[in-house]
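Below is one structure, written out as structure tokens; comments come after it.
Just so it is clear: chains get the letters A, B, ... in the order the sequence lines come, proteins before strands, and each one is counted from 1.
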Amino acid sequence: MTLRFHDSATAAIRDFVPLKEGQVSLYYCGATVQGEPHIGHVRSALAFDQLTRWLQSSGYDVTVVRNVTDIDDKILVKAAENNEPWWGLAYRFEQAFATAYESLGIQKPTYEPRATGHIPEMHALIATLIERGHAYPALDDSGDVYFDVRSWKQYGSLTHQNIDDMQAAPDADPRGKRDPRDFALWKGHKQGDPETARWESPWGAGRPGWHLECSAMVTKYLGTEFDIHGGGLDLRFPHHENEMAQSQAAGHGFANFWMHNGMVTYQGEKMSKSIGNTINPREMLELARPLVVRYYLGQAHYRSVLDYRPGSLTEAAAAVDRIETFAKAALAQLFPGNDFGYIGTRPEAFVRAMDDDLNVPAALGVLHETVRAGNTALAAGEKDALQDAFLAVMGMTDALGINPMDPKWRQGSGSEAELTALDVLIKAQLEARAQARTEKNWAESDRIRELLAAAGVDVADTANGATWSLKK
RNA sequence: GGUGGGGUGGCCGAGAGGCGAGGCAACGGACUGCAAAUCCGUGCACACGGGUUCGAAUCCCGUUCCCACCUCCA
């Protein structure tokens, strides 16, 4: 089975063939840093993190670019309301996004360019569009420059819409536009706008319009033609439609595949800033540990709607615990010395599922079946079967970024040295308890278990002796 | 009005003509000194009405309900 992805532009699942053999160029929309991240932002980044990891684990060399749009109307408005510099506000939220991404194990992109750092590239693109007859300076004195949608007959093709069928925009201000759907490439500086949000241009001082930054930056770092462009479904129109139009009208091949992740809903309604029914990553992380949050957000297919409701995280936690319990037990059995080096494997059914437009739910089915087989082997003392299952579980969870043995998910702040010390002390207790159990001294055995429990340590008896873990 | 995506067991969530994915929860059993964990088993699942077919959750026709986008959105 070959690797296939759903492409929004053709509305079909197509075989994925990269433009350059062995290499993949991926651009996905990051945030317009005008507020705290909510779960929807994180889900999107996670979806493209899953994609990146799968491409990497399939042997591709992946270059990932994710933008930070650090200048736009809302940023300016909010900063003015807060009485703080717009660039300070943007940077503050940029860091909040970085923290949220990092806590969930989302790999850093190869590069993360900011819109404000690419004004010259935007000017070059505007100039090309004007030259080719697809953009024009506003017909009034605003200093705006607009993209001329009527001049580009493919306009609407990404979302399969016809300009004339679109609901008439109740655009309050059609000033200087040839068509109300024309969108701003450049916004002339207005009185009252901060001086720090003002850049000189051949069409007058001003700042970039939304959409333009992505076209300019993707071209700079990935070229005029690249493999995959991603983002949330709600960005398809107008953002991606406009991006595609302005880039292709400039003569660029642009994205070969368009991939869009589904929305996160809160009990059936889309989470959105305007409605206010959002959940912070921070709030979720108070309800569950990071690995569980990652598992939860990543367990549905990336194109499906993910509906959050209270209890979702508890269920995910149970599933994660099951995988983790097996991994720990298998590890203790296979590599008692605690130092292990392994090369994870990827079962064929798992690869088939992931290759098929990243069918993570089906892939998780394979993972759980492997865990069950592993538990059976563990109970039966079949070491070869156990090792096969263990290596497969490691390989699959690594590919998905949810390996519970990965040190990055380790709870608390305990250092390696502290954990080793703790292990020695607890093992001494467990040895005393084992002695008591041989003597059928259940009172003493239970006393030790309760002592450890009171200290936050869970004890579990297995065929090969007792093991311990910190309570969750 | 236009464009797209949906309705699957108590819940989540894949599948897309034929052995009931998987997880969570529930119940029964096995194992265990007791726990925990684990394993095995149980459940008339496919919005509704027709049709095609030896066979339909899956294909066709009709109905219905929900969601997203149509210039703030991940």
Listing, residues 372-394 of chain A side-chain donor-acceptor contacts under 3.5 Å, not counting sequence neighbours, or none:
residue: A:N375; atom: ND2; partner: A:V371; partner atom: O; Å: 3.4
residue: A:T376; atom: OG1; partner: A:R372; partner atom: O; Å: 3.0

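- Rounded to the nearest Å, the gap between the P atom of B:C46 and that of B:U8 is 10 Å.
- Taking a pair as Watson-Crick or G-U wobble with both distances under 3.5 Å, RNA chain B forms stems of 3 or more consecutive pairs at B:1-7 with B:64-70, B:10-12 with B:22-24, B:26-30 with B:38-42, B:47-51 with B:59-63.
- For A:F237, taking side-chain heavy atoms from C-beta onward, the closest of the listed nucleotides B:G23, B:U71, B:G13 is B:U71.
- Contact of the A:Y28 side chain with the A:L51 side chain is not registered, since no non-hydrogen atoms from C-beta on lie closer than 4.5 Å.
- Proximity of the aromatic rings of A:Y221 and A:H118 is defined here by a centroid distance below 6.0 angstrom, and this criterion is met.
- Separating the C1' atom of B:G43 from that of B:U32 is a span of 28 Å, rounded to the nearest Å.
- Distance from the side chain of A:R309 is smallest to B:C11 among B:C11, B:C72, B:A14.
- Nucleotides B:A45 and B:U58 place their P atoms 15 Å apart, quoted to the nearest Å.
- Looking at A:D73 and A:R207, their side chains come closer than 4.5 Å, going by heavy atoms from C-beta outward.
- At B:G15, one or more side-chain N or O atoms of A:N359 fall inside 4.0 Å of OP1 or OP2 (strictly under the cut-off).
- Taking atom C1' on both nucleotides, B:G55 is separated from B:G2 by 40 Å, rounded to a whole Å.
- Aromatic ring centres of A:F48 and A:Y302: separated by at least 6.0 Å.
- In this model, the phosphate group of B:A68 is not approached by any side-chain N or O of A:T265 to a distance below 4.0 Å at OP1 or OP2.
- Side-chain contact of A:E84 with A:N82: a donor-acceptor pair under 3.5 Å is present, judged by distance alone.
- Spacing of C1' atoms, B:A37 relative to B:C31, comes out at 11 Å, to the nearest Å.
- Using bins of under 30°, 30° to 60° and over 60° for the plane-to-plane angle, the ring pair A:F5/A:F257 lands in the perpendicular bin.
- A donor-acceptor contact under 3.5 angstrom links the side chains of A:D7 and A:T10, judged on distance only.
- Checked by distance alone, A:S445 brings a side-chain donor or acceptor within 3.5 Å of a matching partner on the base of B:G33.
- Among the heavy atoms of the strands lying under 4.0 Å from A:G40 is at least one base atom, whether or not backbone atoms are also near.
- When the C1' atom is compared between B:G49 and B:C65, the two are found 15 Å apart, to the nearest whole Å.
- Under the 6.0 Å cut-off for aromatic ring centres, A:H211 and A:F183 qualify, their centroids lying closer than that.
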Check the interface with nucleotides 34-38 of chain B: list each N/O to N/O pair with the protein under 3.5 Å, or write none.
residue: B:C34; atom: O2; partner: A:R449; partner atom: NH2; Å: 2.5
residue: B:C34; atom: N3; partner: A:R449; partner atom: NH1; Å: 3.0
residue: B:C34; atom: N3; partner: A:R449; partner atom: NH2; Å: 3.3
residue: B:C34; atom: N4; partner: A:D461; partner atom: OD2; Å: 3.0
residue: B:A35; atom: N1; partner: A:D461; partner atom: N; Å: 3.2
residue: B:A35; atom: N3; partner: A:R449; partner atom: NH1; Å: 3.2
residue: B:A36; atom: N1; partner: A:D461; partner atom: O; Å: 3.2
residue: B:U38; atom: O3'; partner: A:N375; partner atom: ND2; Å: 3.1

